[in-house]
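Along the sequence shown, residues are numbered consecutively beginning with 1.
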Amino acid sequence: MLLHYGGKECFKDDCDKMVQVLQSHQVDLTVATEPLALHVSPLLHKYFGEMSAHDNWREHLTPLPRASRFRIYANFFYLVLKSCGLRLLGKYYPLVDGWSMSTSLMLQFIVSVLDNDRNTTRAMLNSSAKLINLLIKGKPVFYQGEGFCGYWFGKELTSDTDPIILYTHGGGFTLCTAQSYLGGIADIQACLSKKYGVNARVFSVEYTLAPEAKFPTQISEVVAAYEYVSSQFPNNPILLMGDSAGGNLVLTNLLSLKAKEDIRRPSAAILISPWVTASVTEFPPSYAECEANDIVHIRHLKHHLDAYLPEDATDEIFKNPLISPIYGDFTGCCPMLLHYGGKECFKDDCEKMAKVLKSQQVDVTVAIEPLAPHISPLFRRFFGDMSVRGCEVIAEFIAAVCRP
């Protein structure tokens with residue numbers, strides 16, 4: 001079924017409830033919501049214009065709110081106090097059964113930061129990352145190459161079997177930096193070293209964010225970084241790893257490298273909750289199902305795409321494999337690990353991506369953390385055991401690839 005309804009119509013709540021009922025009955029359901037549309041807008045193109053045709057979607061973007069840091073922290077402090085009070089009264093319920101109160105609170109805090117204007121969000125995410133990175137042993141080393149730059153992180157290589165991980169961070173192509181997830185990277189490196197005796201060195205690409213640079217600038221920078229690593233370390237296994245939009249860049253990097261005959265291929269790729277389907281009109285059921293307990297929201301994705309895509313982009317661009325890798329041909333590509341959470345909005349897209357890869361005879365390992373939200377392996381301090389298990393799965397995959 002396809003269920004289409006408007007965000008400004010009286011039947012909205014009933015349609016939301018109908019979605020939940022159909023999903024509970026395992027119905028193959030596609031949900032399409034037009035945020036500013038009234039009742040039966042697709043049938044009234046003469047009156048509702050672009051909301052019916054789904055063209056010029058940028059004109060209907062609602063600006064994200066702008067809140068000061070003080071207000072965000074004050075609201076979070078109030079939420080903590082309220083949650084503690086409810087817990088004392090035995091009336092506190094986490095966002096997801098099985099989550100701790102701290103996990104629920106931290107997710108709500110992240111959403112409050114993301115649900116803001118871009119400059120404020122960038123500043124808060126970057127300052128939070130700097131604080132967390134103070135707890136990490138070792139400092140990243142900056143490197144500027146031709147057409148790219150980034151940071152080396154981890155111990156120097158000691159043998160040809162030591163893997164190099166080319167990492168691309170997430171953030172919707174508009175947020176975060178090459179150092180935003182060093183905590184998660186360090187956890188994976190520590191697990192590799194402790195359990196498998198593997199010394200992995202990471203190069204985290206500092207690609208140019210949107211809207212300062214539009215598609216396909218970011219892809220070109222990541223490909224240039226890979227060419228540098230592969231030429232400088234011809235004997236070491238090279239793995240690609242990325243989360244969310246960074247997972248998108250891993251897949252588009254693989255597609256770009258397929259077209260190059262004079263460069264060796266990666267040994268493996270690790271996709272952490274990858275963003276594989278760019279859309280502004282149609283979203284699978286998991287988006288509605290998991291919105292209340294995930295950091296990914298449709299309104300944020302639309303703003304990310306507005307910043308990332310060229311101003312003159314037409315609707316055809318959403319089917320471009322370099323925008324939506326789910327439409328790509330990965331036949332002959334390296335083994336992959338696809339990790340995602342059972343409580344994240346990208347769940348259905350990730351499931352579909354796994355089927356696409358398997359149908360193309362790609363050796364893909366799928367790891368699902370049932371109660372996890374988006375990119376849980378990178379947030380050990382927020383998501384606890386869910387993150388630890390994710391790091392262990394990733395470390396095990398890397399170690400298997402690197403065994404002589």
Side-chain angles (χ1 to χ4, degrees), residues 76 94-114 125 128-138 153-154 165 167-171 175-196 198 200 202 204 239 241-247 250 269-275 286 290 292-296 336-347 350 365-400:
F76 178 64
L95 294 176
V96 174
D97 288 340
W99 280 16
S100 66
M101 185 173 75
S102 61
T103 293
S104 295
L105 288 172
M106 292 313 303
L107 186 135
Q108 290 172 290
F109 174 71
I110 294 172
V111 171
S112 70
V113 173
L114 294 176
L125 290 177
S128 297
K130 288 179 180 179
L131 288 174
I132 293 174
N133 290 348
L134 293 175
L135 304 174
I136 301 173
K137 294 180 180 179
F153 186 69
I165 299 174
Y167 173 70
T168 46
H169 69 83
L175 305 171
C176 302
T177 73
Q179 300 187 63
S180 292
Y181 301 110
L182 289 186
I185 292 173
D187 291 336
I188 294 170
Q189 288 176 314
C191 186
L192 270 169
S193 177
K194 184 176 180 179
K195 293 190 68 173
Y196 304 100
V198 174
V202 175
S204 183
L239 294 84
M241 183 170 75
D243 67 279
S244 197
V250 167
I270 300 160
L271 311 167
I272 305 172
S273 301
W275 186 9
S286 58
C290 301
N293 45 256
D294 197 19
I295 61 176
V296 172
M336 302 187 200
L337 170 66
L338 173 56
H339 183 288
Y340 61 95
K343 296 296 182 180
E344 69 167 286
C345 290
F346 285 171
K347 178 182 68 171
C350 287
T365 301
V366 179
I368 307 169
E369 182 64 41
L371 297 182
H374 193 54
I375 62 171
S376 60
L378 301 177
F379 286 116
R380 179 172 59 85
R381 291 165 182 82
F382 295 165
F383 300 142
D385 290 342
M386 293 187 291
S387 177
V388 171
R389 287 190 293 270
C391 288
E392 290 175 345
V393 168
I394 293 170
E396 182 181 10
F397 177 79
I398 296 173

Heavy-atom side-chain proximity of Ile165 to Ile185 below 4.5 angstrom: no

Separation between CG of Leu378 and CD1 of Ile188, rounded to the nearest 0.5 Å: 6.0 Å

Plane angle bin for Phe383 and Phe379 - parallel if under 30°, tilted between 30 and 60°, otherwise perpendicular: perpendicular

Leu192 CG to Ile398 CD1 distance, which is reported to the nearest 0.5 Å: 4.5 Å

Closest approach of Cys391 to Pro377 (non-hydrogen atoms, all atoms of both residues): SG-O, 3.2 Å

For Pro274 against His339, the heavy-atom pair lying closest together: CD-O, 4.4 Å

NZ (Lys343) with more than 12 external heavy atoms under 6.0 Å: no

Non-hydrogen atoms of Thr365 and Phe397 that approach each other most closely: OG1-CE1, 4.3 Å

Heavy-atom pair with the smallest gap, counting every atom of Leu338 and Cys350: CD2-O, 3.4 Å

Closest approach of Cys345 to Ser286 (non-hydrogen atoms, all atoms of both residues): O-OG, 2.7 Å

Smallest separation among heavy atoms of Ile270 and Leu239, with atom names: CD1-CD2, 4.3 Å

Flag, side chain of Ser180 to backbone of Thr177, donor-acceptor distance under 3.5 Å: yes

Stepwise side chain to side chain contact (heavy atoms under 4.5 Å, CB included) test for Cys176 and Tyr181: CA-CA 9 Å; Cys176 302; Tyr181 301 110; 3.5 Å; yes

Exam field: side chain Trp275 to backbone Phe346, donor-acceptor pair closer than 3.5 Å: no

Side chain proximity check, Leu107 to Pro373, heavy atoms < 4.5 angstrom: yes

Asp187 side-chain N/O to Arg380 backbone N/O, donor-acceptor pair under 3.5 Å: no

Spatial distance of atom OG (Ser112) from atom CD1 (Ile295) [nearest 0.5 Å]: 11.5 Å

Intermediate values then yes/no, side chain to side chain contact (heavy atoms under 4.5 Å, CB included), Leu95 and Thr103: CA-CA 9 Å; Leu95 294 176; Thr103 293; over 6 Å; no

Side chain Ser204, main chain Gln179, donor-acceptor under 3.5 Å: no

Contact check, side chains of Val202 and Met241, non-hydrogen atoms, under 4.5 Å: no

Ser273 and Ser244: CA distance, side-chain angles, deciding distance, side chain to side chain contact (heavy atoms under 4.5 Å, CB included) verdict: CA-CA 5 Å; Ser273 301; Ser244 197; 5.5 Å; no

Stepwise side chain to side chain contact (heavy atoms under 4.5 Å, CB included) check, Glu396 with Tyr196: CA-CA 8 Å; Glu396 182 181 10; Tyr196 304 100; 3.3 Å; yes

Exam field: side chain Asp243 to backbone Ile272, donor-acceptor pair closer than 3.5 Å: no

Side-chain (Gln189) to main-chain (Phe153) donor-acceptor, under 3.5 angstrom: yes

Heavy-atom side-chain contact between Leu271 and Tyr340 under 4.5 Å: no

Heavy-atom side-chain proximity of Glu344 to Cys290 below 4.5 angstrom: no

